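All values reported here derive from a predicted model rather than from experimental measurement. Excluded from the calculations below are hydrogen atoms, water molecules and symmetry mates; all remaining heavy atoms, backbone and side chain alike, are included.
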Amino acid sequence: ITKQTLRGGDSLLDVTIVDPATSFDTSGQGNAFELTGDAGITFKDETTAGATITGGWDGIRVAIDNADSTGDITINAVNVEGGDNGIQANNIGTGDLIITTTGLVSTANNNPRFGIVANIGCSNDTVPKKFEDCKNKKDNSTGDITIIAANTTGKSGGIVARNYGIGTISITTTGTTKGEIGSGISAVNKGKGALSITTTGKTTGTSGYGIRAINCCTGALSITTTG
């Protein structure tokens with residue numbers, strides 16, 4: 001199946017995978033799914049067994065690049081692999097960013113990228129020189145980041161969440177989260193909102209931290225681990 005590049009424009013972009021679809025493999029052909037829009041973007045895997053998505057670059061890349069947008073990004077996926085990132089989502093508007101995965105999200109090859117990357121208030125879709133930096137920060141962003149993941153692995157880190165607006169970050173993992181040469185979970189909240197991380201599985205960073213959390217301002221910081 002060729003790569004799916006879709007733009008929603010001023011209307012909600014709703015992409016749903018249903019049976020009998022089982023796999024989307026675009027290795028060497030860019031992102032398997034590349035979704036952009038201004039009014040909100042939803043991606044859902046509703047197949048019975050869960051589809052496997054493999055991208056030469058990112059498995060799923062979703063972006064709202066309009067600072068005036070009030071739309072949310074919602075991603076529900078099962079198994080996703082990217083040559084770069086498994087899932088990458090950026091929202092520079094005022095809406096939320098919600099990612100839920102129930103299978104394995106991972107990176108392939110040896111590229112220094114991540115299993116899941118979620119950014120609010122930053123249109124820079126590459127890894128900043130310093131983790132906390134953002135070249136195109138949008139201070140008007142009010143949305144929250146919510147990540148609920150099963151198993152996630154990445155060369156430079158398993159899960160990365162950065163909120164440069166005034167909203168919150170909430171990360172919950174139920175399986176194994178691993179950074180091969182980086183941290184298992186890295187979260188930076190540059191605004192006033194709370195930062196919460198809850199893990200019930202194993203979280204490791206081979207050369208980095210198991211969990212790295214930075215809450216710069218007035219919001220509460222909470223980390224709970226039972227794995």
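- A donor-acceptor pair is defined here as one N or O able to donate and one able to accept, closer than 3.5 Å; such a pair exists between the side chain of Asn163 and the backbone of Thr168.
- Side chains of Thr42 and Asp14: a donor-acceptor N/O pair is absent below 3.5 angstrom, by distance only.
- Without hydrogens or angle criteria, Ser141 side chain to Gly93 main chain gives a donor-acceptor distance under 3.5 Å.
- Asn119 and Asn90 share a side-chain donor-acceptor pair at under 3.5 Å.
- Judged purely by atom type and a 3.5 angstrom limit, Thr94 uses its side chain to pair as donor or acceptor with the backbone of Ser69.
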Enumerate, atom names and distances included, each donor-acceptor pair closer than 3.5 Å involving a side-chain atom of residues 218-227, sequence neighbours excluded.
from	atom 1	to	atom 2	distance (Å)
Thr226	OG1	Thr199	O	3.4

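- In this structure, the side chains of Arg7 and Asp38 come closer than 4.5 Å at one or more pairs of heavy atoms.
- The pair Lys155-Asp84 does not count as a salt bridge, with every side-chain nitrogen at least 4.0 angstrom from each carboxylate oxygen.
- Side-chain atoms of Asn76 never come within 3.5 Å of backbone atoms of Asp45 as a donor-acceptor pair (strictly under, hydrogens ignored).
- When side chains are defined from C-beta on, Val117 counts as touching Arg162, because their heavy atoms get closer than 4.5 Å.
- Of all the heavy atoms in Ala187 and Ile171, the pair that sits closest is CB-CD1, 4.0 Å.
- Cluster annotation: Phe114 and Ile148 are assigned to distinct hydrophobic clusters (Ile/Leu/Val/Met/Phe/Trp/Tyr, side-chain heavy-atom contacts under 4.5 Å, transitive).
- Checking side-chain atoms of Asp96 against main-chain N and O of Asp144 turns up a donor-acceptor pair under 3.5 Å.
- Under the side-chain contact (heavy atoms from CB on, under 4.5 Å) criterion, Asp68 pairs with Asn66, sequence neighbours left out.
- Residue Lys44 qualifies as enclosed at atom NZ: its count of foreign heavy atoms under 6.0 Å is above 12.
- A donor and an acceptor atom, one from each side chain of Asp25 and Ser27, are located under 3.5 Å apart.
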Check: residues 177-185 side-chain donor-acceptor pairs under 3.5 Å, at least two apart:
from	atom 1	to	atom 2	distance (Å)
Ser183	OG	Tyr209	N	3.0
Ser183	OG	Tyr209	O	3.4

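- Interatomic distance, Ile73 CD1 to Ile64 CD1, rounded to the nearest 0.5 Å: 4.5 Å.
- Using a 4.5 Å cut-off on side-chain heavy atoms (C-beta onward), Ile17 and Phe43 make contact.
- The main-chain N or O of Gly50 is never found under 3.5 Å from a side-chain atom of Asn79 such that the two would form a donor-acceptor pair.
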